[in-house]
Amino acid sequence: MAKVPRSFRLLSELEHGEKGIGDGSCSYGLKDSDDIAMYEWNGTILGPPHSAYENRIFSLSIYCGDKYPDIPPLVKFESKITLPCVDQQGFVNFFKIPSISNWKRDFTLETVLVELRRDMAAPSNRKTPQPPEGAEFPPADLQTIAKQRNL
C-alpha cells in the first residue's frame, strides 16, 4: 500500500478539522493559516460531563514535525490540567495513554484529542481535583523542543 505524503495527510486532517466532524467535543486547526508546512496547530477539548473537567474548555498546542504521521506529534496543554499523562510543563506523554501508546501511522490529530478526552473521563481520572479555571502552563517553544526530541 502506498504511503501518503505528510503534506497530503495534513491537508486532509486540516479539512476534517475545519468541518468540525464529530460530536464537537474536540476541535483543531492550524495556528497560523500561512504555515504552509503545517507544523503548528491549536486544539480544543471540552471537558467530559460528570467529571472534574466538566464545563471547562482546554486549549492545546500541537506540533507536527517532519516525521509525522510516522511518529506522534508533540502535544502540550496550555490550560493547566491534572492528568497522569500530562507532565509539569503540560506536555502529553503518549506512553501513559494505553489506546495510543503504541503509535500507528493511521492515528490522527483527532484521534489524539478524542483519546485525551476519553482519558479525562476514565473512572481513575474523572474525579481528580483540578487547578483553578483559567490557570495555564508556562509557555514553551514547541519547534525547539520538537527538534531536541528529534520529532
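A distance-only check finds no donor-acceptor pair linking the side chain of R6 to the backbone of D70 [under 3.5 Å]. A donor-acceptor pair is defined here as one N or O able to donate and one able to accept, closer than 3.5 Å; such a pair exists between the side chain of S79 and the backbone of S59. The main-chain N or O of K3 is never found under 3.5 Å from a side-chain atom of R9 such that the two would form a donor-acceptor pair.
Every side chain to side chain contact (heavy atoms under 4.5 Å, CB included) that Q89 has, sequence neighbours left out, goes to D87, F91. Evaluation of the side-chain hydrogen bond (donor to acceptor under 3.5 Å, both in side chains) rule for S25 yields D23 as partners, not counting sequence neighbours. Scored by the side-chain hydrogen bond (donor to acceptor under 3.5 Å, both in side chains) test, R149 finds no partners at all (sequence neighbours excluded). Looking at residues two or more places apart in sequence or on another chain, you find a side chain to side chain contact (heavy atoms under 4.5 Å, CB included) between K104 and N102, D106, F107.
Note that OG of S61 is 3.5 Å distant from CD of E78, once rounded to the nearest 0.5 Å. In this structure, CG on L109 lies 7.0 Å from CG on L10, to the nearest 0.5 angstrom. In this structure, L116 CG and L83 CG are separated by 7.0 Å, a value rounded to the nearest 0.5 Å. For the atom pair SG of C85 and CZ of F95, the computed distance is 13.0 Å after rounding to the nearest 0.5 Å. One finds the OG atom of S27 at 9.5 Å from the CG atom of L60 (value rounded to the nearest 0.5 Å). To the nearest 0.5 angstrom, I97 atom CD1 is 11.5 Å from T111 atom OG1.
Between M120 and I45, some side-chain heavy-atom pair lies under the 4.5 Å cut-off. In this structure, the side chains of N55 and E133 stay at 4.5 Å or more apart for every pair of heavy atoms.
Within the structure, side-chain hydrogen bond (donor to acceptor under 3.5 Å, both in side chains) contacts touching residues 38-49 (residues at least two apart or in different chains) are Y39-D66. Among pairs with a residue in residues 118-131, those fulfilling side-chain hydrogen bond (donor to acceptor under 3.5 Å, both in side chains) read Y53-Q130, E115-R118, D119-N125, at least two apart in sequence or across chains.
Under a hydrophobic-cluster definition in which Ile, Leu, Val, Met, Phe, Trp and Tyr are linked whenever side-chain heavy atoms come within less than 4.5 Å, directly or via other members, F94 and L74 are assigned to different clusters. Cluster membership for I62 and F77, using ILVMFWY side-chain heavy atoms within less than 4.5 angstrom, is shared. One hydrophobic cluster, built from ILVMFWY side chains closer than 4.5 Å, cannot hold both L142 and Y68; they sit in different ones. In terms of hydrophobic clustering, with Ile, Leu, Val, Met, Phe, Trp and Tyr side chains grouped at heavy-atom distances under 4.5 Å, I71 and I145 are assigned to a common cluster. A continuous path of ILVMFWY side-chain contacts below 4.5 Å connects V75 to V86, so both sit in one hydrophobic cluster.
Across all their heavy atoms, P131 and T82 have their closest contact at CD-OG1, 3.5 Å. Here the shortest heavy-atom pairing between P49 and E54 reads CA-OE2, 3.7 Å. For the pair P138 and K76, the tightest heavy-atom approach, listed with the atom from each and the gap, is O-NZ, 3.1 Å. In terms of heavy atoms, P73 sits closest to W103 at CD-CH2, 3.7 Å.
Enclosure of atom CD1 in I57 is not indicated, since only 12 or fewer non-hydrogen atoms of other residues, nucleotides or ligands lie within 6.0 angstrom.
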Check the pair Y28 / V112 against side-chain contact (heavy atoms from CB on, under 4.5 Å), numbers first and verdict last.
CA-CA 11 Å; Y28 59 94; V112 171; over 6 Å; no
